[in-house]
Amino acid sequence: MMSPQILFYIIELAVKGIVTFFAILLMSRMHSAAWMTIICGFLCSYAATVYKILIELGIFSAGGLLILGIPLSALLSLSVPALFFIIGFIILLSKKN
């Protein structure tokens with residue numbers, strides 16, 4: 001029987017993989033800066049998920065530079081996708097109709 005954590009990783013990769021696939025398809029059709037940054041947020045989110053799983057499997061190590069006791073790589077993989085979403089939504093909100 002498969003462990004629940006492995007099943008969770010498989011489901012997470014599958015769902016985020018589908019979202020990333022559609023984000024790449026959408027990227028070729030949308031040429032707005034706001035949508036491009038939101039799509040980049042989804043791509044970075046998928047990359048962060050893959051990175052997190054590789055750390056959990058022991059392929060990569062989360063060591064290195066620490067900021068307030070948190071590895072810089074973990075901090076970046078958490079904050080960069082959200083930063084892209086924030087920038088994209090700010091651009092969308094600042095546009096006049």
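Considering OH of Y51 and SG of C44, their distance stands at 14.0 Å, rounded to 0.5 Å. How far CG of L75 is from CG of L65: 10.0 Å, rounded to the nearest 0.5 Å. We find the CG-CD1 distance between L54 and I59 to be 5.0 Å, quoted to the nearest 0.5 Å. In this structure, the separation between CG on L43 and NZ on K16 is 12.0 Å, given to the nearest 0.5 Å. Interatomic distance, OG of S73 versus CD1 of I55, reported as 5.0 Å (0.5 Å rounding). Rounding to the nearest 0.5 Å places OG1 of T49 at 10.5 Å from OH of Y9.
At least one side-chain heavy atom of P71 sits less than 4.5 Å from a side-chain heavy atom of L66.
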Would Q5 and E56 count as a side chain to side chain contact (heavy atoms under 4.5 Å, CB included) here? Give the steps.
CA-CA 10 Å; Q5 189 168 7; E56 289 289 325; 3.8 Å; yes
Tell me, with the steps shown, if L13 and V50 meet side chain to side chain contact (heavy atoms under 4.5 Å, CB included).
CA-CA 7 Å; L13 280 175; V50 171; 3.8 Å; yes
Checking I38 against F84 for the side chain to side chain contact (heavy atoms under 4.5 Å, CB included) test, could you report, in this order, the C-alpha distance in whole Å, the side-chain angles of both residues, the deciding distance, and whether it holds?
CA-CA 6 Å; I38 291 171; F84 277 117; over 6 Å; no
Ring pair (Phe, Tyr, Trp, His ring centres under 6.0 Å) evaluation trace for F42 with F85:
CA-CA 8 Å; F42 284 117; F85 292 135; 5.0 Å; yes
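Y46 and V15 are not part of a single hydrophobic cluster, where members link through side-chain heavy atoms under 4.5 Å apart. With hydrophobic clusters built from ILVMFWY side chains whose heavy atoms lie under 4.5 angstrom apart, L93 does not share a cluster with I90. In this structure, M27 is not a member of the same hydrophobic cluster as F21, with clusters built from ILVMFWY side-chain heavy atoms closer than 4.5 Å. Side-chain heavy atoms closer than 4.5 Å link hydrophobic residues (I, L, V, M, F, W, Y) into clusters, and following such links, possibly through other members, connects I24 to L26. Taking hydrophobic clusters as Ile, Leu, Val, Met, Phe, Trp and Tyr residues chained together by side-chain heavy-atom distances below 4.5 Å, I11 does not share a cluster with I53.
Contact between T37 and G88 at its shortest, heavy atoms only, is OG1-CA, 2.9 Å. Across P81 and L76, no two heavy atoms sit closer than the pair CD-O, 4.0 Å. Nearest heavy-atom pair, A34 versus L92, reported as atom, atom and distance to 0.1 Å: CB-CG, 3.5 Å. Between I39 and A23, the shortest heavy-atom contact is CG2-O, 3.4 Å.
No side-chain donor-acceptor contact under 3.5 Å links S45 to the backbone of G41.
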